[in-house]
Amino acid sequence: MSIRIHNTLTNKKEEFVPVINGQVSFYVCGVTVYDYCHIGHARAYVVFDYIRRYLEYQGYKVRYTQNFTDIDDKIIARANERGVSIQELTREYISAYFEDMDKLYIKRADSYPKATEYINEMQDIIKSLIKNNYAYIIDEEVFFSVEKSSDYGKLSKKVLDDLVAGSRVEVSDKKRNPFDFILWKKAKAGEPGWDSPWGNGRPGWHIECSAMVNKELGDTIDIHAGGEDLVFPHHENEIAQSESYTGKPFANYWIHNGFVNIRNEKMAKSKKNFFTIRKVLEKYNGETIRFFLMRVHYRTPLNFSFEGIDESAQALERLYNTIKLHKNVKQNSDNTSEELKVFNDKFVKAMDDDFNSAEATGVLFELNKYINKTGYGVDLLLKLGKILGLFNIEQDSDAVLTEEIQSLLDERMIAKKERNYEKADLIRERLFNEHSIIIEDTIEGVRWKRK
RNA sequence: GGCGGCAUAGCCAAGUGGUAAGGCAGGGGUCUGCAAAACCUCUAUCCCCAGUUCGAAUCUGGGUGCCGCCUCCA
């Protein structure tokens, strides 16, 4: 069985065949670091994280690169607002990025190139594009000529003539074609800039990814990923630049995740309907958020709501209850391995089919029930969950209790033996109210867990 | 105007030709001093219409509703 991926380029599910057998070059479009990340960002990076983990589970050696855009109009504006340098600003938000993503259990990429560290590489590509007539210089700025790219629009399925130029944004009259995009932008007075053959300025947005992909991963990479909103114009333009530059296909598989919505509308800064990751982390742990984001197929729009996360928290706890109850049970395999294999196969089949984490998590719950019925299979549950980046939270059943709590537990046991249930129940309430300890009486004795 | 997506139980959500995974919530039950956890059990014919087919939630056509992209955006 092989992995099938929905490729935006063809709009079909295709069998995944990497350029080099057993290896995957994987580029993910990162963030522009001028603010905190919101749940929409979280979804993208959780999705690509479990896709990466699954590829690794299937034995691929994955080279995973994600960029930081650390020079851009919004960054300049925000730095000016605050009266700090762009370096100071971007450093702050890069470290905030890592704090947030670490809490969501997102594995670190193999490299995190920054735009400001790729100025030379970008200039080299721009020079080449000019030389080969794909780009033109006007007034110390450089534009890419979309008409020179014969298959422009192939990713987003757009036909240049059908696009409504300037319908929502003013068209610069410098451009030969309204859809030409900027490769090098002239620095205005007071703005940061780098010397170039065309004057002091800074790179356009799209060119950084072309330069980074080329240097870090090669001319043709296996997977290029990002949010659905990047398909046009960002990824379309990357393709135009890179393929004009190298003469080779830029990326074989394009993966785009669906949006996070608030009441059926895209979560976006401009709509002011977003929740930052750190805001949601005030109330929920990162794994719950991660789980919430994984229970829907990655291309389906996902409505964000606190009710939805509550539901996921409840569901995740169900799995943890099982793990806690069975993790120390000696596993035997002979007479159960065949049955367990069915769960394993279902899980793999779901993930093989365009990384269907929604179906895969469903399998986790089917297995969960099997474990509770038979007592077998918790190892498999842990294994499968970990492929998705779950079960990171250490169970604290063996953790040391404070003396106070321990003595309350003892006191309750004595009360129970004396059939003084009123007292026992009072202690139970107190443990919950004052210490967030939930008591469960079982045949083997008292079990407790923290809320 | 062009392009694309979605519509499945109270809620969330898989499933792309053979009679609807899973989760949450709710009802009933087993266990328990009670509770919790767990288990058992109950609750859908898949937006509407027409068509193809022995057979469609799944394919085709039409309709309705919602969303996204064509601006920066994960």
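Residue numbers start from 1 in every chain, and the chains themselves are labelled A, B, ... in the order their sequence lines are given, proteins ahead of strands.
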With heavy atoms under 4.0 Å as the rule, sort [X] into base, sugar-phosphate or nothing.
X: Phe232(A); result: sugar-phosphate
X: Leu364(A); result: nothing
X: Val231(A); result: nothing
X: Gly308(A); result: nothing
X: Lys271(A); result: sugar-phosphate
X: Arg412(A); result: base

Rounded distance in Å between the [atom1] positions of [N] and [M]:
N: rC48(B); M: rA37(B); atom1: C1'; value: 45 Å
N: rA21(B); M: rA44(B); atom1: C1'; value: 14 Å
N: rC3(B); M: rG61(B); atom1: P; value: 14 Å
N: rG27(B); M: rG65(B); atom1: P; value: 38 Å
N: rG15(B); M: rU45(B); atom1: C1'; value: 14 Å
N: rC67(B); M: rG51(B); atom1: C1'; value: 28 Å
N: rG22(B); M: rA9(B); atom1: C1'; value: 13 Å
N: rU30(B); M: rU53(B); atom1: C1'; value: 47 Å

Geometric class of the [Y]/[X] ring pair [parallel <30°, tilted 30-60°, perpendicular >60°]:
X: His256(A); Y: Trp254(A); answer: parallel
X: His234(A); Y: His206(A); answer: tilted
X: Phe250(A); Y: His224(A); answer: tilted

Between [options], spot the one nearest the side chain of [X], thanks.
X: Asp441(A); options: rA35(B), rA36(B), rA74(B); answer: rA35(B)
X: Thr300(A); options: rA74(B), rG68(B), rA14(B); answer: rA14(B)
X: Val31(A); options: rA74(B), rG68(B), rU71(B); answer: rA74(B)
X: Lys373(A); options: rA13(B), rC34(B), rC40(B); answer: rC40(B)
X: Val296(A); options: rG68(B), rU71(B), rA14(B); answer: rA14(B)

Look at the side chain of [X] and the backbone N and O of [Y], then say whether any donor-acceptor pair between them is shorter than 3.5 Å.
X: Asp151(A); Y: Lys154(A); answer: no
X: Glu359(A); Y: Met351(A); answer: no
X: Asn67(A); Y: Ala115(A); answer: no

| remark: Quick tally for nucleotides 2-7 of chain B: nucleotides whose base has a protein heavy atom under 4.0 Å get B, sugar-phosphate-only ones S, the rest -, giving BSS---
| request: For each nucleotide in nucleotides 16-31 of chain B, reading 5' to 3', give B when a protein heavy atom comes within less than 4.0 Å of its base, S when such contact involves only the sugar-phosphate, and - otherwise. | output: -----BBBSS------
| Salt bridge Glu147(A)-Arg176(A), side-chain N to carboxylate O under 4.0 Å | no
| task | In plain terms, say whether Arg63(A) and Glu216(A) are close enough for a salt bridge, that is, a side-chain N and a carboxylate O under 4.0 Å apart. | result | yes
Can we call the ring centroids of [X] and [Y] under 6.0 Å apart?
X: Phe306(A); Y: Phe275(A); result: yes
X: Phe98(A); Y: Tyr112(A); result: yes
X: Phe181(A); Y: Phe143(A); result: no
X: Phe292(A); Y: Tyr284(A); result: no

Rounded distance in Å - [atom1] ([X]) to [atom2] ([N]):
X: Arg447(A); N: rA37(B); atom1: CZ; atom2: P; answer: 10 Å
X: Asn273(A); N: rC67(B); atom1: CG; atom2: P; answer: 13 Å
X: Arg419(A); N: rC34(B); atom1: CZ; atom2: C1'; answer: 12 Å
X: Lys349(A); N: rA14(B); atom1: NZ; atom2: C1'; answer: 12 Å
X: Lys423(A); N: rA35(B); atom1: NZ; atom2: C1'; answer: 19 Å
X: Lys324(A); N: rA36(B); atom1: NZ; atom2: P; answer: 17 Å
X: Phe304(A); N: rA74(B); atom1: CZ; atom2: C1'; answer: 15 Å
X: Glu307(A); N: rA13(B); atom1: CD; atom2: P; answer: 13 Å

Please enumerate all protein N or O atoms sitting under 3.5 Å from an N or O of nucleotides 44-46 of chain B, with distances to 0.1 Å.
none

| message | Testing the 3.5 Å rule here: is there a donor-acceptor pair between the side chains of Gln58(A) and Tyr54(A)? | response | yes
| remark: For Arg290(A) and Gly389(A), the nearest pair of non-hydrogen atoms, with its separation, is NE-O, 3.3 Å
| message | If I compare all heavy atoms of Gly377(A) with all of Leu340(A), which pair ends up nearest, and what's the gap? | response | CA-CD2, 3.7 Å
| request: Can you sort out the partners of Phe26(A) under ring-ring contact (aromatic ring centres under 6.0 Å, His included), two or more places apart, ordered by chain and number? | output: Tyr64(A)
| field | Residue-phosphate contact under 4.0 Å: Asn356(A) side-chain N/O, rG15(B) OP1/OP2 | value | yes
| message | Taking 4.0 Å as the cut-off, does a side-chain nitrogen or oxygen of Lys266(A) come that near to OP1 or OP2 on rA74(B)? | response | no
| request: Could you provide the dot-bracket string of RNA chain B, using ( ) for intrastrand pairs, [ ] for crossing pairs and | for bases paired to another strand, with Watson-Crick or G-U pairs below 3.5 Å? | output: ((((((((.[[[..)..(...]]].(((((.......)))))....[[[[[..)....]]]]])))))))....
| Residue whose nearest RNA chain B nucleotide is more 5′ - Leu230(A) or Thr322(A) | Thr322(A)
| remark: Rounding to 0.5 Å, atoms NE2 (His326(A)) and OH (Tyr376(A)) come to a distance of 11.5 Å
| message | Please report the interatomic distance CD1(Ile309(A)) to NZ(Lys283(A)), rounded to the nearest 0.5 Å. | response | 8.5 Å
| remark: side chain to side chain contact (heavy atoms under 4.5 Å, CB included) with Val378(A): of Leu325(A), Asn372(A), Ile323(A), only one passes, and it is Ile323(A)
| field | Within residues 253-264 of chain A, residues whose heavy atoms come under 4.0 Å of RNA chain B | value | Asn257(A), Gly258(A), Phe259(A), Val260(A), Asn264(A)
